[in-house]
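These numbers were taken from a predicted model, which means no experiment stands behind them. FYI, side chains are in, hydrogens and waters are out, and symmetry mates aren't considered; it's all heavy atoms of this structure. A, B, ... follow the sequence lines: proteins, then strands. Residue 1 opens every chain.
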Amino acid sequence: AQSVTQLGSHVSVSEGALVLLRCNYSSSVPPYLFWYVQYPNQGLQLLLKYTSAATLVKGINGFEAEFKKSETSFHLTKPSAHMSDAAEYFCAVTGGTSGTYKYIFGTGTRLKVLA
Amino acid sequence: DVKVTQSSRYLVKRTGEKVFLECVQDMDHENMFWYRQDPGLGLRLIYFSYDVKMKEKGDIPEGYSVSREKKERFSLILESASTNQTSMYLCASSSGTGGYGYTFGSGTRLTVV
């Protein structure tokens, strides 16, 4: 079965520091991979997605993620954290054995940005 | 922009009540989904639908049912609300399969007392 693991339920960074949020997936076939962001009391917003084109994917708000098949990873990065980046981030996978209608979500990583 | 609208942001219901959560999307998406979100558990799929009058169980369908009579509307029904159904409920829609991505509503925070 497909699965997604997000390492670290809480991550704290200083303003201006590198943001790195980790996501590893398991899939027997090439997947589609996504990062979503959720601000307090809101729904999820798509940050970026990998759909088998370029392995380095750029998203909104300066975020990017790199698909590494050999490591089954899709980590999210941003060179310089801003206070407004404080939110919860979810990695998701679809495709392969779970069918392509359903997405499997990770348990989320809450990002805190320190002034 | 695609919009997914959930009828209520906050809802308080009593144990045993029948509860309806409504979701409407305005971009003619084929697929619609209901998730519940709980701290530490992420998003868990309750039900989804890939066409009008079609529905499929997700990972945690017990205690829930759904209705999709029109393409744009997908309703989640709690037949007899219980306190363990207190949660954030998120509706999403998508076009086609695979790489399109979901569009989410703002969520309904349901409290069952």
For the residue pair B:Phe104 and A:Tyr36, categorise the inter-ring angle as parallel (less than 30°), tilted (30 to 60°) or perpendicular (more than 60°).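 Ring orientation, 0 to 90° scale: perpendicular.
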
Which label fits A:Phe105 and B:Tyr35: parallel for a plane angle under 30°, tilted from 30 to 60°, or perpendicular past 60°?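 Because their plane-to-plane angle is over 60°, the rings of A:Phe105 and B:Tyr35 count as perpendicular.
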
So if you build clusters from Ile, Leu, Val, Met, Phe, Trp, Tyr with side-chain heavy-atom gaps below 4.5 Å, do [X] and [Y] land together?
X: A:Val37; Y: A:Val13; result: yes
X: B:Phe33; Y: B:Leu76; result: no
X: B:Tyr10; Y: B:Leu78; result: no
X: B:Val112; Y: B:Trp34; result: yes
X: A:Leu20; Y: A:Phe67; result: no

Is there a side chain to side chain contact (heavy atoms under 4.5 Å, CB included) between A:Leu46 and B:Tyr102? Walk through the geometry before answering. CA-CA 8 Å; A:Leu46 181 65; B:Tyr102 285 1; over 6 Å; no

Between B:Gln6 and chain A, which part of the residue has a heavy atom less than 4.5 Å away: side chain, backbone, both or neither?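 The answer is neither part of B:Gln6.
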
Please look at B:Arg44 and chain A and tell me whether the side chain, the backbone, both or neither of the residue comes under 4.5 angstrom of a heavy atom of that chain.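 Contact with chain A involves no heavy atom of B:Arg44 at all.
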
Between A:Tyr103 (side chain) and B:Gly101 (backbone), is there a donor-acceptor pair under 3.5 Å?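 Looks like yes, one N/O pair under 3.5 Å.
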
Does any heavy atom of chain B fall under 4.5 Å from the side chain of A:Gln45, the backbone, both, or neither of them? neither

Proximal component of A:Glu88, with respect to chain B [non-hydrogen, under 4.5 Å]: side chain

Working to the nearest 0.5 angstrom, can you tell me the gap between A:Gln42 CD and B:Arg9 CZ?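 Here the rounded value is 7.0 Å.
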
Spacing of CG belonging to B:Leu90 relative to CG belonging to A:Leu44, to within rounding of 0.5 Å: 6.0 Å

State whether the number of non-hydrogen atoms from other residues, nucleotides or ligands found under 6.0 Å of A:Leu7 atom CG is greater than 12. no

